[in-house]
Amino acid sequence: MKVSRRLKLLCIVFSVLSFTIGIQTVFDHPHIENVASRKTNENLLTQYKIEATFLEESMTIEAKQNIAFKNNMDIDFENIYFHIYPNAFRNKGQVPFDGDEREFAYPNGFNPGWIEIIEVKENNKRVYFKVMGEGETILRVSPQSSIKPGELREFTIEFEVKIPNVLARMGYGEHTVNITNWYPILAVYDQYGWNLDPYYSIGDPFYSEVANYEIIFNAPSNFVLASTGNMIDENKKNNMTTYRIKAEKVRDFAVILSKDFDLQQSNIDGITVKSYTIKGEKNKEALQVALDSVAIFNRIFGKYPYQQLSVVACDFFLGGMEYPNLVMIGSKLYEMEEDFPLEYVIAHEIAHQWWYGIVGNNEVKEPWLDEALTEYSTMLYFEEKYGEHIKEQILEKMIKAQYDNFLDLRSDRGEGILRSLKDFDDALEYSSIVYSKGALFIEELRKEMGEDEFRESIKEYYKMYQFKNATTLDFYNILEKNTDKDLRPIFEEWLHVKFE
C-alpha cells in the first residue's frame, strides 16, 4: 500500500473524530477469468531454502538459495523465470517512484542498488541463465532438460544484493535496513503464461504463489531482526548472530534490521503480536492497535492462520507496506502528535494480511481486488471499534472526499476500478480510483446485498481462497451466491466491465 498522499486527509479526519474515538458468469475482460493455479497441497508448493549474510560496511547481502520447484501445469517448461526486483534500483532514470516521490525517497541523493546473479546450478552443474526484461528485473533459467508436468526440479542460485540508501521497500535510512523483495522469487505461471511484469512505480507490482521457506540469516549482533515466519533459534558467535527462521504457506519473505528497535509484544487469539518501534516511540499505542486489528479481523473475516505478526517502524517515506507476517510502517507516523494516522495505517496494513497475504491476487492486473477490500476493511475496523458513526465520517470526509477532489481535478478520468497498474497515469489517480472509489464500491455492495449476506460473503471468500490466488470473477461469484439481488449492474457500473 502507498498512502503518503492520504496522510493529510487522515489528519483532517482526525480533527473531526477527536471528540471520540450462483451462476458461473464470465466477464468480457481479459484479466478476470479463473486463475489456473488453485492447489495448495503441501507437496505442490515451491520450497525455498536461503542462507544469507548481511554485511553492514558494504550494505550488501551474500546469499545462496536452493529452490525445489514442481511443474504443476500440463505443459513442458523449457525455461523457468524469476523476478529479481533489486535491479529496479540500479539506474537513476528507472527507479520505481512516481513523480516527486524521488526526492522524498532519496533525501541524500540517488544511491544505486542491485542484485548480481553469480551462478545457477542444477544437480551441482552450472546451467545457462539470462538477466533480462525491463530494468533487468527478470531472471531466466534454462534447466538441463525441459521440466515435464508433475516433475520436481531443484536449482541453486548464488547471488549478491547491494542495498541502496533509499527510504523504500528495499533500502536503508538512519535507523532501519529494509530487506524486502530481495531474492529471486519464482514468477507465477497461469492461464496467460509466465507473468513477467516490470517493477512499476505505481502500486504494488507483485504477484506470487504461497511457498514454504527455511531461512538462515546472519547479521551483526548489534542489530535486532524482525521478519516473516517463526524464529526457530538464534546463535551468537564472534559478534554475528545466526537466525534460523521457518515460514510456511507465505507469498514472500521480508527482513527488517535495526540497532534502535524497541520490542513489545502480546498475545491475542493464540497469535503473538510484536511491535517494533524506533527507540520506543508510541510502542504501546502501536501494539494496542495491532492487537485490536487482529481481534477484529479474526472475528469478521476468519482466523489469521500464522503464529506471529510483526508491526515494524521503518525508514520509509510512504505510509506503510504489507508483507507476510510483517507490516512496514513509516517512522514519521510515530512522530506525529495525532494518533489517528498511525492507527489508520496500521489497521490498513494488517488488513492486507487477509487480502493479499492469505487470499492472494494479481496485484499488477487486478490491484483493486486486494486494495479496495483492504481499504474498506479499515472502515470496518473503525466501525467495530468505535461505532458506525465514526466509520461513516471517515468514509465521507476522507474516502469520498478524495475521490470527489480527484474528479474535480480530472473529470475525464473517473473510470472503472478494474484496471492494470500500467493503465494509471500517476499515483494520485491510482489512489483515488483503486482505494477510494474501490472502497465506495464495496460500501455500495454492502448496502445492496444487506448486512448479513455481505458479511457471510466476505467470510466465505476468505475461507474459499485462503492460500490461493483469487480473481474479480471469484469475488463476484461468492457475493452473487449469497444474495438474491442482481449484482451485475453494480459490477458493470463500477468496474466498467460487460457480461457476455
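Throughout, residue positions are numbered sequentially from 1 according to the sequence presented. The figures here come from the full heavy-atom set of this structure, side chains too, leaving out hydrogens, waters and symmetry mates.
Between Phe206 and Tyr323, the two ring planes are tilted [angle within 30° to 60°]. Ring-plane geometry between Phe110 and Tyr106 is classed as tilted, the angle between the planes lying from 30 to 60 degrees on a 0 to 90 degree scale. Between Trp354 and Tyr304, the angle of the ring planes lies from 30° to 60°, which puts this pair in the tilted group. Classified by interplanar angle (parallel below 30°, tilted 30° to 60°, perpendicular above 60°), the ring pair Phe104/Phe317 is parallel. The aromatic rings of Tyr381 and Tyr386 sit perpendicular, their planes meeting at an angle over 60°, well past the 30° parallel limit.
Between the side chains of Gln308 and Ser310, at least one donor-acceptor pair of N or O atoms lies under 3.5 Å. A donor-acceptor contact under 3.5 angstrom links the side chains of Asp252 and Asn181, judged on distance only. Side-chain N/O atoms of Tyr376 and Glu443 include a donor and acceptor closer than 3.5 Å. Asn218 and Thr242 are linked by a side-chain donor-acceptor pair at a separation below 3.5 angstrom, with hydrogens and angles left out of the test. Side-chain contact check for Thr176 and Ser258: no donor-acceptor pair (N or O, by modelled atom type) lies under 3.5 Å. Defined by atom type and a distance below 3.5 Å, a donor-acceptor pair is missing between the side-chain atoms of His348 and Glu322. Between the side chains of Ser436 and Gln402, at least one donor N or O lies within less than 3.5 Å of an accepting N or O. Side-chain contact of Asn361 with Asn469: a donor-acceptor pair under 3.5 Å is absent, judged by distance alone. Checking Asp262 against Tyr276 by side-chain atom types alone, no donor-acceptor pair falls below 3.5 Å. Under 3.5 Å, the side chains of Tyr213 and Tyr183 contain a donor-acceptor pair of N or O atoms. Side-chain contact of Asn212 with Lys246: a donor-acceptor pair under 3.5 Å is absent, judged by distance alone. A donor-acceptor pair shorter than 3.5 Å can be found between the side chains of Thr472 and Glu366. Between the side chains of Tyr243 and Glu234, no donor-acceptor pair of N or O atoms lies under 3.5 Å. Using a 3.5 Å distance cut-off with no hydrogens or angles, the side chains of Asp260 and His175 do pair a donor with an acceptor.
Residue Tyr430 holds its OH atom at 12.0 Å from CG of Asp98, rounded to the nearest 0.5 Å. Atom CD1 of residue Ile67 and atom CD of residue Glu154 lie 10.0 Å apart, to the nearest 0.5 angstrom. Here Phe261 contributes atom CZ and Ile278 contributes atom CD1; the two are 6.5 Å apart, rounded to the nearest 0.5 Å. Remark: Gln47 CD to Leu45 CG distance equals 6.5 Å, nearest 0.5 Å. Glu51 contributes atom CD, which lies 6.0 Å from atom OG1 of Thr53 (distance to the nearest 0.5 angstrom).
A cation-pi arrangement is absent between Lys391 and Phe382 under the rule of less than 6.0 angstrom and at most 45 degrees off the ring axis. Within the cation-pi definition used here (under 6.0 Å to the ring centroid, within 45° of the axis), Arg169 does not qualify as a partner of Phe316.
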Exercise for review: Kindly indicate, with the supporting measurements, whether the criterion side chain to side chain contact (heavy atoms under 4.5 Å, CB included) is fulfilled by Leu380 and Thr378.
Suggested key: CA-CA 5 Å; Leu380 292 174; Thr378 314; over 6 Å; no
Exercise for review: Report the C-alpha separation of Glu383 and Arg446 in whole Å, then their side-chain angles, then the decisive distance to 0.1 Å, and conclude whether the salt bridge (charged side-chain N to carboxylate O under 4.0 Å, His left out) test is met.
Suggested key: CA-CA 14 Å; Glu383 179 178 346; Arg446 181 182 181 182; 2.9 Å; yes
Exercise for review: Take Asp190 and Tyr207 through the side chain to side chain donor-acceptor pair (under 3.5 Å) test and state the conclusion after the steps.
Suggested key: CA-CA 11 Å; Asp190 59 18; Tyr207 179 30; 3.0 Å; yes
Exercise for review: Test His352 against Glu371 for side chain to side chain donor-acceptor pair (under 3.5 Å), laying out the working first.
Suggested key: CA-CA 8 Å; His352 264 303; Glu371 286 296 0; 3.0 Å; yes
Exercise for review: Please lay out, stage by stage, how Lys385 and Glu343 fare under the test salt bridge (charged side-chain N to carboxylate O under 4.0 Å, His left out).
Suggested key: CA-CA 12 Å; Lys385 187 172 180 179; Glu343 181 171 16; 3.0 Å; yes
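Taking every heavy atom of both residues into account, Ser377 and Ala351 meet most closely at CB-CB, 3.8 Å. Across Glu349 and Gly320, no two heavy atoms sit closer than the pair OE2-C, 3.3 Å.
Under a 3.5 Å cut-off, the side chain of Glu56 and the backbone N or O of Phe54 do not form any donor-acceptor pair. Counting only distance, with no hydrogens or angles, the side chain of Thr241 and the backbone of Lys237 share no donor-acceptor pair below 3.5 Å.
Within a 6.0 Å radius of CG in Asn239, other residues, nucleotides and ligands contribute 12 heavy atoms or fewer.
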